[in-house]
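Since the structure comes first, as structure tokens, the remarks are kept for the end.
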Number of protein chains: 2
Amino acid sequence: MTIQEIAQKSGVSVSTVSRVLNNSPSVSPKKREKIQQIIDEYNYTPSVFARGMVNHTSKNIGIILPDITNPYFASLFLEVQNFALKNQYATLLFNTMFVRHQLQNELHLNEEDYFKMILEKQVDGVLILGGSIDKEDVPNSFIHALNQLQRRVPVVIVGSKIDGCDCLFIERNLKQGVTSIVHHFIALGHERIGFIGGEPGIRITSARIDAFKHSLQVLNKQVDERHIVTSDYYAQDGYSAMIQLLDTSADSLPTAVIAINDMVAIGAIRAMRDRGLDCPGDIAIASCDQFLQSDYSIPRLTSLDQHNEYLGRMAVMQLISAINGSEEMLSINHSPELIIRESCGAAGDAGSRT
Amino acid sequence: MTIQEIAQKSGVSVSTVSRVLNNSPSVSPKKREKIQQIIDEYNYTPSVFARGMVNHTSKNIGIILPDITNPYFASLFLEVQNFALKNQYATLLFNTMFVRHQLQNELHLNEEDYFKMILEKQVDGVLILGGSIDKEDVPNSFIHALNQLQRRVPVVIVGSKIDGCDCLFIERNLKQGVTSIVHHFIALGHERIGFIGGEPGIRITSARIDAFKHSLQVLNKQVDERHIVTSDYYAQDGYSAMIQLLDTSADSLPTAVIAINDMVAIGAIRAMRDRGLDCPGDIAIASCDQFLQSDYSIPRLTSLDQHNEYLGRMAVMQLISAINGSEEMLSINHSPELIIRESCGAAGDAGSRT
DNA sequence: TTGTATGCGTTATCAA
DNA sequence: TTGATAACGCATACAA
């Protein structure tokens with residue numbers, strides 16, 4: 001089915017069909033109806049290829065993220081796709097990280113290779129959710145590749161702004177939530193507080209550790225460096241971090257520990273259990289990034305709800321408006337919300353189900 | 001940059017450039033090299049639109065799945081993308097289910113709407129991972145839509161074969177693993193075994209419950225219908241199912257329970273805890289579908305590793321070969337593997353970390 | 001309001 | 001081995 005055939009069957013020219021296809025006002029109601037009927041009857045949809053030739057748009061956007069099995073990225077993607085679809089954009093998803101998964105014959109590509117691929121796909125815009133962009137020292141070659149990409153299509157990045165990068169950034173407030181956890185722990189009477197998880201050299205990690213230290217210093221509380229153990233973002237990393245913490249500061253363990261996210265918290269609690277320690281009895285734990293299921297672990301996890309769903313929406317909205325030529329920067333204030341459950345040891349919450 | 005400009009700069013015709021682009025043998029080595037150099041220099045990539053006009057291919061495949069935040073689908077997708085990319089195909093991902101996520105202004109589409117969207121995107125093939133296709137009674141309209149889709153592009157479905165549906169199917173062995181769990185529990189001396197989780201009316205659920213009942217009957221063991229509680233596939237569903245089980249058969253509780261997957265197991269264990277019961281002490285639990293992190297929960301989960309990674313690979317391979325016109329049906333034997341940890345109560349495993 | 005004609009960037013057919 | 005050209009399906013400028 002082509003526009004030609006529709007035109008013939010409708011007894012009009014292709015331009016008229018094209019007009020009804022594109023909601024041009026200058027078509028007589030009678031013809032419009034007739035044509036629309038034929039279109040529906042034959043279930044005709046215009047060729048994206050032919051349209052692309054003319055408009056240079058695909059109505060596709062590319063999403064680059066490190067790991068879709070990570071609940072944080074999965075829920076971000078969900079929100080992104082939902083909003084994109086509403087605006088007639090489909091999403092080409094590129095997952096760049098495979099290290100956790102023993103894929104055979106795995107692809108060895110870096111993000112810059114993905115930029116190239118995505119560009120060849122003629123997407124109308126690119127959304128980058130984390131990855132190399134989150135490093136403290138982003139390689140110059142990466143920024144260069146990013147700028148080169150940006151010159152071809154709009155690029156929106158969910159992450160901290162980087163000097164010399166021309167892309168649009170959606171920044172998260174990484175510090176506020178940590179501070180509220182610290183205050184919560186202090187209020188519960190904790191004096192020695194630790195921090196675990198997060199890959200070193202990644203901005204999310206360092207921003208949160210900075211906020212952690214700073215909020216304690218403001219309150220004139222000591223920070224024991226041994227109580228800060230970085231690793232990565234998954235359960236296995238929470239496990240190893242907690243083991244290391246227990247090993248290196250056996251003489252003066254913290255009474256409370258902040259985990260960078262729920263998976264790390266779960267791994268840490270498991271490690272405590274393996275060492276015969278109880279959470280929250282021996283060490284209380286709270287996490288900075290809530291995922292689903294935090295209400296079902298043992299103990300239930302006290303977490304920050306970062307309201308990440310806004311993030312995803314903001315990012316696509318920004319991207320789509322950039323695709324449409326708008327320069328306007330959107331803004332949103334999302335305040336993390338502390339969900340108090342069991343793992344922090346706050347009294348009277350033993351049975352609560354938020 | 002167009003093929004025209006490359007041709008001019010190279011001092012040849014567009015046809016010759018097109019030939020080197022498509023690795024045609026009939027180009028003199030000298031010219032080929034020269035042209036390639038210009039291509040690289042200008043970082044030229046041919047327009048997918050123009051190519052699509054001629055070839056009617058986009059080198060994109062569409063993936064339809066219900067919930068990417070579900071670890072089962074996420075890891076399946078990962079494997080699919082990896083293999084697709086290796087074959088120069090990018091993946092358009094469509095997540096059809098949003099119910100678990102309170103997305104504002106959420107899209108209300110059924111899968112057939114997604115079929116339409118995906119077709120408009122001119123993908124070269126469609127991969128369907130679960131969803132309505134898994135229902136016991138697939139609506140005729142759905143099968144009709146599926147066949148209509150199949151008439152336009154190859155469609156591969158990961159799921160049980162359905163009469164009257166012309167798509168290609170990749171079937172999983174849903175029963176084998178359940179049987180091995182039953183045998184394991186019997187070997188541990190359990191007499192009263194239950195089964196929880198899974199949406200009723202879904203083939204995965206009923207296939208596993210059937211296998212559960214059958215393997216017990218073969219061994220002349222009783223099946224207490226009250227010990228079988230369906231719900232859904234997430235932690236909250238494991239929680240509610242276990243509560244119901246405890247409530248309805250307080251006089252004769254099972255000593256072991258099979259959960260349909262790890263999330264359900266986690267929810268169930270949480271429910272037990274809330275009722276003052278211990279796992280595996282009071283009720284042992286094993287799950288039919290292992291996700292990551294099962295080694296970090298409390299207690300560690302005894303699970304089946306379904307080796308789902310093969311599934312994803314098989315599915316794309318099948319799709320790509322169908323796109324290339326092959327009729328050949330691929331086949332693979334993936335045997336579930338029982339990973340024994342703590343929740344089943346098998347002796348001496350208290351500290352094991354697989 | 002409607003139709004005609006052109007161009008978008010590529011591949012394929014054919015002729016040289 | 002190479003080049004000229006038609007064709008792919010659509011949007012749009014222009015003419016009517």
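In what follows, every chain begins at residue 1, and chains take the letters A, B, ... in the order their sequences are listed.
- Within 6.0 Å of the CG atom in A:Asp137, the count of heavy atoms belonging to other residues, nucleotides or ligands does not exceed 12.
- For B:Met329 against B:Phe169, the heavy-atom pair with the smallest separation is CE-O, 3.8 Å.
- One atom, CD1 of A:Ile6, and another, C1' of D:dG9, lie 12 Å apart when rounded to the nearest Å.
- Within 4.0 Å of B:Ser26, counting heavy atoms only, lies at least one base atom of the nucleic acid.
- Evaluation of the ring pair (Phe, Tyr, Trp, His ring centres under 6.0 Å) test over residues 19-39 of chain B, restricted to residues two or more places apart or in two chains, returns none.
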Scoring nucleotides 7-16 of chain C by protein non-hydrogen atoms under 4.0 Å (B base, S sugar-phosphate only, - none) yields BBBBBB----
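- For the pair B:Thr16 and D:dT1, the criterion of a side-chain N or O lying under 4.0 Å from OP1 or OP2 is not met.
- Using a 4.0 Å cut-off, some side-chain N or O of B:Lys31 falls inside it from OP1 or OP2 of D:dT2.
- Residues A:Val158 and A:Tyr72 approach most closely at CG1-OH, 4.4 Å, considering heavy atoms.
- Here the CE atom belonging to B:Met97 is positioned 11.5 Å from the CD1 atom belonging to B:Ile68, to the nearest 0.5 angstrom.
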Go through the steps to decide whether B:Phe115 and B:Phe142 satisfy the test ring pair (Phe, Tyr, Trp, His ring centres under 6.0 Å), and finish with yes or no. CA-CA 10 Å; B:Phe115 292 171; B:Phe142 187 72; 5.6 Å; yes
